[in-house]
Amino acid sequence: MNDQNRMDEDLGETERDRFDAGVANAARDSYRAPPETPRDEMWTVIQAARAAAAPGVVPIRRFRPQPWWAAVAAALVVGVVLGRGSFGGGPDAGVGLSDAGTGTPAVVGVAPPKGTPSAAGTVVPRSYRVAAARHLNRTADFLTMFRVDARSDRLDATDLGTWARRLLTDTRLLIDSPAGDDPELRNLLGDLELVLAQIVQLRADDPNEVEIIDEGLESSQLLFRLKAAEATAPAMVGL
Amino acid sequence: MDDSQLLAKVRAGDPEAERALYDAHVDRVFRLAYRMTGDEALAQDFTQEAFIRAFNKLHTFRGDSALSTWLHTVTTSVVLNGLRKVKKFRTSEIDLEQARAVAGGRRRAEPDLKDRLTQAIDGLPDGYRTVFVMHDIEGYTHEEIAGALGVATGTSKAQLSRARAKLRVELADFAEEVVA
């Protein structure tokens, strides 16, 4: 006679029911008691993922050069041109990016909208803020889809690498631009650079790397920070 | 607002209706995901993916069942499928926990019911554990469980019966405490 039969014999039906109910009650209270549901946090991610997958947004796996790349590139170029063209500072010139002693102009870009200096007091020219906002938006979409695909084993390392490489290039450009003088933005871009570099080097035959990147995204709360930055994008670009 | 009105608004792209649908069901999905994973980040990921999938599949809902039943079937399936993917990690995690419990348990005069209960539930075969957590802890019906797992309701009932029987044996030392 096994333990289970012996136990069932020892306990009558009523006792068994009481025992089962007692176990269920105790389990409800103590077995991995769930914390409060993080409704808003999850809703933000759900909305972002759905927006990224909406018609008109190109799925990551089927990479083709898209006009938005041109837009980001154009914005960066415009930023650089405006920045370099406004040395001397006419009446519209922005203020605040000082780089004394390096030969780099202390004043770059057009005048920013009022009330948009960074926490550290630096004022990033509007053109760079526009470029940064678009870049953050696209990178958030990319990383969201990366996570969804990683969790459904649908990753295409080749396409991912192509996208990540382009995003990495723009991230680097932004870090080295006046946008990188905003400490918060620089910090965010630095974390993005690290993750994108990992994705660029991702090999299709090593699923562990995907998990490591995924864990890195989780621990740095990068997507959440990107979403937060996106939420402030209109103010960020003065819209 | 009843299900059909809510559904019509969601299908029309009304963001407030989408949020209302989400708010009405997210707790139950998140709770199950957390009970099954024991990990908040993982539970969040599964819940998010479940709702993304559910919203994307909403056009396939034909009204054969209640919207809430359909939604829970979709979301629970996503959570349970996600769990299968991390099973490898969970197995090693449970092994470690059990090894620690065995090593430490013998030194303790009276391991408490909570610890033993957790070990006993974790030690159930996956199928038993899933049904036990869904039915006895989270209050899913056998019909809901069967729909989510893609099995017959009889299978769900049988799995639950076996799970309870195993727990009775595992927790026999705590019988007085359990029924008190």
Side-chain angles (χ1 to χ4, degrees), chain A residues 2-8 10-11 14-54 144-145 147-153 207-208 211 214-215 217-219 221 223-224, chain B residues 15 18-19 22-23 26-52 55-56 81-82 85-86 89 113-115 117-118 120-122 132-133 135-139 162 164-172 174-175 177-180:
Chain A
N2 64 28
D3 288 346
Q4 190 173 309
N5 289 339
R6 197 175 302 124
M7 184 78 190
D8 284 350
D10 290 346
L11 292 173
T14 310
E15 285 83 1
R16 265 206 313 273
D17 290 346
R18 283 181 62 202
F19 191 96
D20 292 346
V23 168
N25 276 335
R28 269 192 288 277
D29 290 341
S30 66
Y31 183 70
R32 297 176 178 172
E36 192 176 339
T37 308
R39 288 180 173 214
D40 291 338
E41 190 179 335
M42 291 193 293
W43 182 246
T44 302
V45 176
I46 291 166
Q47 290 295 80
R50 294 183 66 214
T144 301
M145 287 307 295
R147 295 199 77 186
V148 171
D149 282 2
R151 281 152 198 271
S152 55
D153 294 332
N208 290 334
E211 284 160 18
D214 200 18
E215 284 168 13
L217 278 172
E218 193 68 58
S219 61
Q221 293 190 305
L223 273 170
F224 191 69
Chain B
E18 288 181 351
R19 179 65 199 241
Y22 168 81
D23 280 341
V26 66
D27 280 344
R28 204 173 182 215
V29 176
F30 178 75
R31 287 177 62 85
L32 177 64
Y34 189 86
R35 296 271 199 196
M36 294 302 294
T37 61
D39 179 296
E40 188 169 1
L42 211 49
Q44 279 190 36
D45 284 347
F46 287 159
T47 306
Q48 286 158 192
E49 194 175 337
F51 276 95
I52 291 166
F55 279 123
N56 287 347
N81 280 333
K85 289 178 189 167
V86 294
F89 294 103
L113 172 62
K114 187 177 164 184
D115 290 344
L117 181 60
T118 299
I121 297 171
D122 282 344
F132 177 78
V133 168
H135 188 279
D136 276 8
I137 301 184
E138 285 300 318
R162 289 174 197 139
R164 285 174 174 172
K166 271 191 165 290
L167 292 176
R168 265 180 241 131
V169 173
E170 293 293 324
L171 301 170
F174 295 86
E177 205 175 327
V178 166
V179 296

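Both backbone and side-chain heavy atoms feed into the values below; hydrogens, waters and symmetry mates do not. Letters go in sequence order (proteins before strands), and every chain restarts at 1.
Salt bridge status for A:D17 with B:R164: absent, with no side-chain N to carboxylate O gap under 4.0 Å. Comment: B:R31 engages B:E138 in a salt bridge, judged by a side-chain N to carboxylate O separation of less than 4.0 angstrom. A salt bridge does not link A:R16 to A:D20: none of the charged nitrogens lies less than 4.0 Å from a carboxylate oxygen. Taking 4.0 Å as the cut-off between side-chain N and carboxylate O, A:R28 and B:D136 do not count as a salt-bridged pair.
By number of non-hydrogen pairs under 4.5 angstrom with chain B, the leading residue of A:P35, A:A26, A:G22, A:A24 is A:P35. Residue with the most contacts toward chain B among A:S30, A:P34, A:P38: A:P34 (heavy-atom pairs, distance under 4.5 Å). Comparing B:D45, B:L32, B:I52 by heavy-atom pairs within less than 4.5 Å of chain A, the highest count is held by B:D45. Highest contact tally toward chain A, considering only B:E40, B:Q44, B:E177, is held by B:Q44 [criterion: heavy-atom pairs under 4.5 Å].
Heavy atoms of B:V29 lying under 4.5 Å from chain A are absent altogether. Interface remark: B:Q48 contributes backbone and side-chain atoms alike to the contact with chain A (heavy atom separation under 4.5 Å). For a residue to count as touching a neighbouring chain, one of its non-hydrogen atoms must lie under 4.5 Å from one of that chain's; by this rule B:E18 touches chain A with backbone and side chain alike. Neither the backbone nor the side chain of A:D214 comes within less than 4.5 Å of any heavy atom in chain B.
What you find for B:R19 and A:W43 is that their closest heavy atoms are NH1-CD1, 3.2 Å.
Among residues two or more places apart in sequence or in another chain, the side chain to side chain contact (heavy atoms under 4.5 Å, CB included) test is passed with B:A41 by A:E218, B:D39.
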